[in-house]
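All values derive from a computational prediction rather than experimental measurement. Residue numbers begin at 1 in each chain, while the letters A, B, ... track the order of the sequences.
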There are 2 protein chains.
Amino acid sequence: MPYDPSAFPPFAVTVDLVVLTVRKDALYALVVRRGEPPYQGRWALPGGFVRGDEGLEAAAARELTEETGLRSQALEDQDAGAHLEQLATYGAPQRDPRMRVVSVAYLVLAPDLPSPIAGGDARSARWAPTDTLLGAGDGGGWEAEQQVPLAFDHDEILRDGVERARSKIEYSSLATAFCPPEFTVGELRRVYEAVWGVALDPRNFHRKVTGTPGFLVPTGGTTTRQGGRPAQLFRAGGATLLNPPMLRPEV
Amino acid sequence: MPYDPSAFPPFAVTVDLVVLTVRKDALYALVVRRGEPPYQGRWALPGGFVRGDEGLEAAAARELTEETGLRSQALEDQDAGAHLEQLATYGAPQRDPRMRVVSVAYLVLAPDLPSPIAGGDARSARWAPTDTLLGAGDGGGWEAEQQVPLAFDHDEILRDGVERARSKIEYSSLATAFCPPEFTVGELRRVYEAVWGVALDPRNFHRKVTGTPGFLVPTGGTTTRQGGRPAQLFRAGGATLLNPPMLRPEV
DNA sequence: AAAATAGTGTCTTTGAGACAGTATACT
DNA sequence: AGTATACTGTCTCAAAGACACTATTTT
């Protein structure tokens with residue numbers, strides 16, 4: 001089979017973003033309302049075309065900034081900015097009725113933002129609980145939620161993104177990407193509880209997370225923003241892989 | 001930013017395959033020799049264009065069959081056929097000097113084949129140790145191996161594929177994909193040792209692997225193909241996720 | 001007999017999970 | 001005082017790793 005560069009079918013390539021955050025003890029995803037057909041009026045994941053001279057991750061970072069005002073952090077860069085990683089690529093022949101589109105999905109983990117969506121059109125973008133978006137409220141049906149599935153195959157993409165986030169916080173320190181730069185052990189625990197949808201023992205969690213080398217670095221400060229006894233403040237340590245890992249209960 | 005389907009830059013979309021197998025206690029990858037420029041004469045990962053009416057995984061399975069004669073197993077299907085899963089997508093603007101190409105890489109785990117490459121051109125395809133291909137023989141340099149890097153960004157893709165295989169056999173039963181339909185505990189252990197590049201205690205490995213529910217099912221037969229006391233034969237059990245996982249030493 | 005591989009048993013250490021109990025804030 | 005959150009200590013159980021020992025084959 002010779003490699004014939006002149007005889008290839010043309011594709012459109014897009015990036016779609018699964019932007020997750022934790023608020024009100026639940027996992028939320030960013031969705032935008034579609035203004036044109038197909039799926040006009042339906043909610044969809046933010047995304048757009050990759051430009052002709054632009055890398056895939058650059059396109060994802062650009063869309064992220066355009067839609068949320070968030071800056072993604074380079075993989076090396078610590079602090080400041082959301083975590084961005086490639087999720088998977090979706091290219092079923094009929095996933096877009098107009099033409100052949102291959103979409104490279106990216107996963108973004110961001111701290112809860114004071115201003116919900118900066119830079120975007122507030123009427124056409126919102127944070128929605130992933131449980132609601134995926135129709136898990138009740139038997140898995142959409143009807144009970146009076147909610148309609150996301151456009152295109154975005155339900156599948158979102159489901160894959162949520163599952164990736166759930167498993168990655170087990171063996172990496174990525175849960176800190178959902179937290180502000182300084183956070184308490186209790187706040188980190190609520191991130192795990194929201195993402196996994198389980199309750200964790202606060203005492204064992206505290207002992208485990210502070211005992212894992214490189215995970216947390218105390219900043220010296222304390223806070224009482226949760227009420228109760230003042231809690232020590234931490235920032236993310238240098239470790240990216242956790243050893244031992246955080247184990248998800250009930251497996 | 002309106003969604004304008006008429007104004008998208010055209011891309012070529014290809015699939016590239018990281019086909020891994022274990023032979024002679026080492027991890028091998030399938031590479032093909034390029035017949036035309038660019039990178040003429042260099043080794044590359046097998047792959048090709050996605051057709052206009054073809055899904056991505058279908059394209060990967062088709063290329064796999066064309067290059068190796070292997071059939072991939074559907075995700076549901078057990079037995080027979082190699083494991084195939086999406087790895088990642090590579091789309092740097094200049095990764096192909098001729099045009100803009102986005103390549104969706106797939107990872108294939110296959111048992112060692114009696115006939116190295118069935119169906120392909122034997123002179124232009126071969127199995128090569130991943131260590132050699134990645135220049136890990138010696139300080140990471142290519143010179144010592146008298147070997148040249150793979151074409152395009154295929155070194156990066158291969159490295160990602162090997163790393164994915166290494167981590168997936170930890171918490172899934174995928175190591176059995178490297179084994180024939182019936183295999184012994186010792187053969188399975190040699191797979192782990194080859195993929196991870198470490199030595200494992202045969203006794204603890206045996207106790208652990210036979211004690212993990214759903215991992216192995218005894219077939220009743222025995223074999224002495226390894227010499228020594230006859231070993232029980234097993235086939236892969238239904239479990240895909242291992243609990244507890246196999247832990248990679250020295251982490 | 002010697003060597004090789006298969007398989008079992010036993011001990012020690014580590015870590016997960018349950019949970020008692022103490023510390024320090026707010027109401 | 002009562003309650004909420006933070007943190008420490010202790011116990012038990014499960015599993016990992018080290019390794020002695022037995023079993024059954026080939027050379």
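With sequence neighbours left out, the side-chain contact (heavy atoms from CB on, under 4.5 Å) criterion links B:Glu156 to B:Tyr90, B:Asp153, B:Asp160. For A:Ala110, the side-chain contact (heavy atoms from CB on, under 4.5 Å) criterion is met by A:Leu70, A:Ala82, not counting sequence neighbours. For B:Ala128, the side-chain contact (heavy atoms from CB on, under 4.5 Å) partners two or more places apart in sequence, or in a different chain, are B:Val31, B:Arg126, B:Leu133. Among residues two or more places apart in sequence or in another chain, the side-chain contact (heavy atoms from CB on, under 4.5 Å) test is passed with B:Pro213 by none.
The interatomic distance linking B:Leu200 (CG) with D:dA16 (P) rounds to 13 Å, in whole Å. When rounded to the nearest whole Å, the span between CG of B:Asp201 and C1' of D:dA15 equals 15 Å. B:Arg248 places its CZ atom 18 Å from the C1' atom of D:dG17, with the value rounded to the nearest Å.
Here B:Arg189 lies in heavy-atom contact (under 4.0 Å) with sugar-phosphate atoms only.
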Side-chain polar contacts of residues 194-202 of chain B - donor-acceptor pairs under 3.5 angstrom, sequence neighbours left out - could you list them?
{"unit_1": "B:Trp196", "atom_1": "NE1", "unit_2": "B:Arg166", "atom_2": "O", "d": "2.8"}
{"unit_1": "B:Asp201", "atom_1": "OD1", "unit_2": "B:Arg203", "atom_2": "N", "d": "2.8"}
{"unit_1": "B:Asp201", "atom_1": "OD1", "unit_2": "B:Arg203", "atom_2": "NE", "d": "3.3"}
{"unit_1": "B:Asp201", "atom_1": "OD1", "unit_2": "B:Asn204", "atom_2": "N", "d": "3.0"}
{"unit_1": "B:Asp201", "atom_1": "OD2", "unit_2": "B:Arg203", "atom_2": "NH2", "d": "3.1"}

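The footprint of chain A on DNA chain C, defined by a heavy-atom cutoff below 4.0 Å, extends from C:dA16 to C:dA25.
The backbone N or O of B:Thr89 sits less than 3.5 Å from a side-chain atom of A:Gln86, completing a donor-acceptor pair.
Residue pairs meeting the ring-ring contact (aromatic ring centres under 6.0 Å, His included) criterion with at least one member in residues 201-246 of chain A, sequence neighbours excluded, are A:Tyr192-A:Phe205. Residue pairs meeting the ring-ring contact (aromatic ring centres under 6.0 Å, His included) criterion with at least one partner in residues 154-187 of chain A, sequence neighbours excluded, are A:Phe152-A:His154. The salt bridge (charged side-chain N to carboxylate O under 4.0 Å, His left out) pairs that include a residue from residues 177-186 of chain A number zero, where partners must be two or more places apart or lie in different chains. Screening residues 208-227 of chain A for salt bridge (charged side-chain N to carboxylate O under 4.0 Å, His left out), with sequence neighbours left out, gives A:Glu187-A:Arg225.
Both A:Asn204 and A:Arg190 lie close to DNA chain D; mapped to their nearest nucleotides by heavy-atom distance, the more 5′-ward contact belongs to A:Arg190.
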For this session: Scan nucleotides 20-27 of chain D nucleotide by nucleotide, 5' to 3', and note B when protein non-hydrogen atoms come under 4.0 Å of the base, S if they reach only the sugar-phosphate, - if neither.
Result: BB-BBB--
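Between A:Ser173 and A:Leu242, the closest side-chain pair of non-hydrogen atoms falls below 4.5 Å.
DNA chain D lies under 4.0 Å from at least one heavy atom of each of the following residues of residues 206-217 of chain A: A:His206, A:Arg207.
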